[in-house]
There are 2 protein chains.
Amino acid sequence: MEYTAAKEKFINTWGSLGTLWGINKAMAQIHALLFISPTPLSMEDVMEELHISRGNTSMNLRQLIEWGIVYKTSIAGERKEYFTSEKDVQELARTIAKERSRREIQPTLKVLKEVCSIKDDGTEKTKELIKKTKELYDLAETADIMLNKIVNQEQNWLTKTLVKLLK
Amino acid sequence: MEYTAAKEKFINTWGSLGTLWGINKAMAQIHALLFISPTPLSMEDVMEELHISRGNTSMNLRQLIEWGIVYKTSIAGERKEYFTSEKDVQELARTIAKERSRREIQPTLKVLKEVCSIKDDGTEKTKELIKKTKELYDLAETADIMLNKIVNQEQNWLTKTLVKLLK
DNA sequence: CTAAACTTTCAGTAATTACTGAAAGTTTAT
DNA sequence: ATAAACTTTCAGTAATTACTGAAAGTTTAG
């Protein structure tokens, strides 16, 4: 496999993975493209490379910037804006984990807490609801703490130790 | 908040969370309903409770069974089939982690491996593609190993130790 | 200030995904 | 066998989500 094929394969795979996770295809593909590009790309570059419209490119780039994994950069003497992605995979993982926690896990925890604090009226179904939501709450909280802490470590002593420990 | 409201809130939240993760709403809601129900429910029960059609219920129940988090049960003397969800949250997490790894992470790893094994033709863009896909491969592999190992532990010494360690 | 170069917005449309309901299929009791 | 009780399938349709392209907006250079 040579460069162009490999690149397309990577971009497509990343795109479908995104879809599977509720991230739209264009957004994931733009990210993939920038991630492997050694130089910043302009909107035109992205449009051409992925065959998507100007509007689509603009909207998805904005979202990626909001997520904090793509940056605008200026190139001296150029009028156009250029875009680069975060290049450090550790930092990428950290940003994504933080965002997902903030947007999904935290709100869920909030609801679970509310639900499991209802008054116990003594019926079995109420007891079950309280018990199960409490268990889910504990699980989600543990998972969230671990996710964030792991991803925030300097990645050396901890991860490597753990991986060895767990293999 | 009393029982009915709490239950609805839980089912709805679970449903939208599902959507966000690429699981359809009906499927997530059926799971939620069974998860908090102290007794097995029939297809009719589910249809009524969630106001969804017979076909929809049948298809989503089947998917949940395929995922291994919902079971068919028979009730003595009853013609109808009844359904229950896995009630142990640890086991639930374990099953989901295993499935996601199998369906998503493994195929991605495979492609990343292929892409980062292309011949290095010496150009900068090729070097960058190889380097970045290699880094992603390592990250995904580590994440996958940790996810599975953590979720497969007996949940006591390891998780508790880690949570304390990392807090 | 004006015009060129560029970006954003958004109404309309296309593509995708989920849902319904009725017909076909299956199982069980007699 | 057959009929009742139940489940699955799937063509058609509805709902959701993503994309386009052109108009409106913004910035910069002269």
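Remark: P of D/dT27 and CE of A/Met43 are 15 Å apart, rounded to the nearest angstrom. Rounding to whole angstrom units, CH2 of residue A/Trp21 and P of C/dT17 are separated by 18 Å. Put simply, CG on A/Leu61 is 16 Å from P on D/dA18, counting in whole angstrom units. A straight line from CE of A/Met47 to P of C/dA5 spans 16 Å, rounded to a whole angstrom. Look at CG on A/Leu20: it is 15 Å from C1' on C/dT16, rounded to the nearest Å. The distance between atom CD of B/Gln63 and atom P of C/dC19, rounded to the nearest whole Å, is 11 Å. Distance CG (A/Leu50) to C1' (D/dT20): 15 Å, rounded to an integer number of Å. Note: CZ (B/Arg62) to C1' (C/dC19) measures 15 Å, nearest angstrom.
Residue A/Lys87 qualifies as enclosed at atom NZ: its count of foreign heavy atoms under 6.0 Å is above 12.
Checking B/Ile23 against A/Met59, the closest nucleotide of DNA chain C that is more toward the 5' end is the one next to A/Met59. Heavy-atom distances to DNA chain C give each of A/Glu78 and A/Gly55 a nearest nucleotide, and the one nearer the 5′ end belongs to A/Glu78. When each of A/Arg79 and A/Ala26 is assigned the nucleotide of DNA chain D with its nearest heavy atom, A/Ala26 is the one assigned upstream, toward the 5' end.
Applying the 4.0 Å criterion to OP1 and OP2 of D/dT8, one finds that B/Lys72 has a side-chain N or O inside that range. B/Asn24 has a side-chain polar atom (N or O) that falls below the 4.0 Å cut-off from OP1 or OP2 of C/dC19.
Contacts of A/Arg54 with the nucleic acid, taken as non-hydrogen atoms under 4.0 Å apart, include base atoms.
Judged by distance alone, the side chains of B/Gln29 and B/Asn60 never bring a donor and an acceptor atom under 3.5 Å apart.
The partner of C/dC19, taking Watson-Crick or G-U wobble pairs whose two distances both stay under 3.5 Å, is D/dG12.
Checking D/dT9, C/dC19, D/dT20 against the side-chain heavy atoms of A/Ser53 singles out D/dT20 as nearest. Nearest to the side chain of B/Asn56, among D/dT8, C/dC19, C/dT9, sits C/dC19. Distance from the side chain of B/Lys80 is smallest for D/dC6 among the nucleotides D/dT9, C/dT9, D/dC6. Of the candidate nucleotides D/dC19, C/dC19, C/dT9, C/dC19 has the atom lying nearest to any side-chain atom of B/Asn60.
Salt bridge status for B/Glu124 with B/Lys131: absent, with no side-chain N to carboxylate O gap under 4.0 Å. Salt bridge annotation for A/Arg54-A/Glu44: present, with a cationic side-chain nitrogen under 4.0 angstrom from a carboxylate oxygen. Between B/Glu114 and A/Lys9 a salt bridge is recorded (basic side-chain N to carboxylate O distance below 4.0 Å).
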